[in-house]
K.L.:
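Following this message is one structure expressed as structure tokens.
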Amino acid sequence: RGHLMCSDGEVQQGHRSEDEIAIEIVERGPCWLIRSDAHVAAPRGSLRRVELNALAQEMQVPRSRLVKVLGEGEGTPGENQEPHLVWVARVTPALLCCEGGLAVAGDSGAVLAQDDRPIP
């Protein structure tokens with residue numbers, strides 16, 4: 001299961017329509033889909049693997065906010081704990097409403113044409 005989070009907290013998906021969720025994303029600002037595993041149906045290059053601390057910096061939120069939703073990860077806290085890695089994609093209303101049916105550049109999120117060039 002993935003979590004859809006904006007910088008100010010988790011977006012509640014529940015029994016809401018895609019339009020309602022897209023409107024909330026527009027109103028709240030950038031959102032990220034965060035998963036503990038790569039989903040087989042995810043478009044190629046849409047998910048990237050990042051360490052939780054790096055994601056917290058990217059989202060400009062305290063790590064503790066992400067841990068509250070996602071948990072601590074594997075291992076025992078302390079020196080021997082493995083880094084907490086998650087799969088993440090930046091989500092825009094357009095990407096949400098087309099259900100991922102767009103080709104996008106991995107880090108920039110630019111929508112790609114059939115020849116793999118970014119669409120301006």
K.L.:
Within the 4.5 Å heavy-atom criterion, are Val86 and Arg35 side-chain neighbours or not?
P.N.:
no
K.L.:
In the structure I gave you, are the side-chain heavy atoms of Leu33 and Arg90 within less than 4.5 Å of one another anywhere?
P.N.:
no
K.L.:
Nearest heavy-atom pair of Pro62 and Ala56: which atoms, and what distance?
P.N.:
C-CB, 4.3 Å
K.L.:
So that I can tick it off, tell me whether Glu58 and Arg63 are bridged by a salt bridge, with the cut-off set at under 4.0 angstrom between side-chain N and carboxylate O.
P.N.:
no
K.L.:
Distance check, rounded to the nearest 0.5 Å: Leu66 atom CG versus Ile34 atom CD1?
P.N.:
5.5 Å
K.L.:
Is Trp32 reachable from Val61 through a run of I, L, V, M, F, W or Y residues, each pair having side-chain heavy atoms under 4.5 Å apart?
P.N.:
yes
K.L.:
Please say yes or no: joined through hydrophobic side-chain contacts below 4.5 Å, possibly via intermediate residues, are Leu70 and Val88 part of one cluster?
P.N.:
yes
K.L.:
Out of curiosity, Met59 CE to Met5 CE, how far, rounded to the nearest 0.5 Å?
P.N.:
5.0 Å
K.L.:
Checking Arg49 now: which residues fulfil side chain to side chain donor-acceptor pair (under 3.5 Å) with it, not counting sequence neighbours?
P.N.:
none
K.L.:
Sequence neighbours excluded, which residues qualify as side chain to side chain contact (heavy atoms under 4.5 Å, CB included) partners of Gln57?
P.N.:
none
K.L.:
Quick one, Trp87 and Arg48 - any side-chain contact, counting heavy atoms below 4.5 Å?
P.N.:
no
K.L.:
Which heavy atom of Val50 sits nearest to which heavy atom of Leu55, and what is that distance?
P.N.:
CG2-CB, 3.9 Å
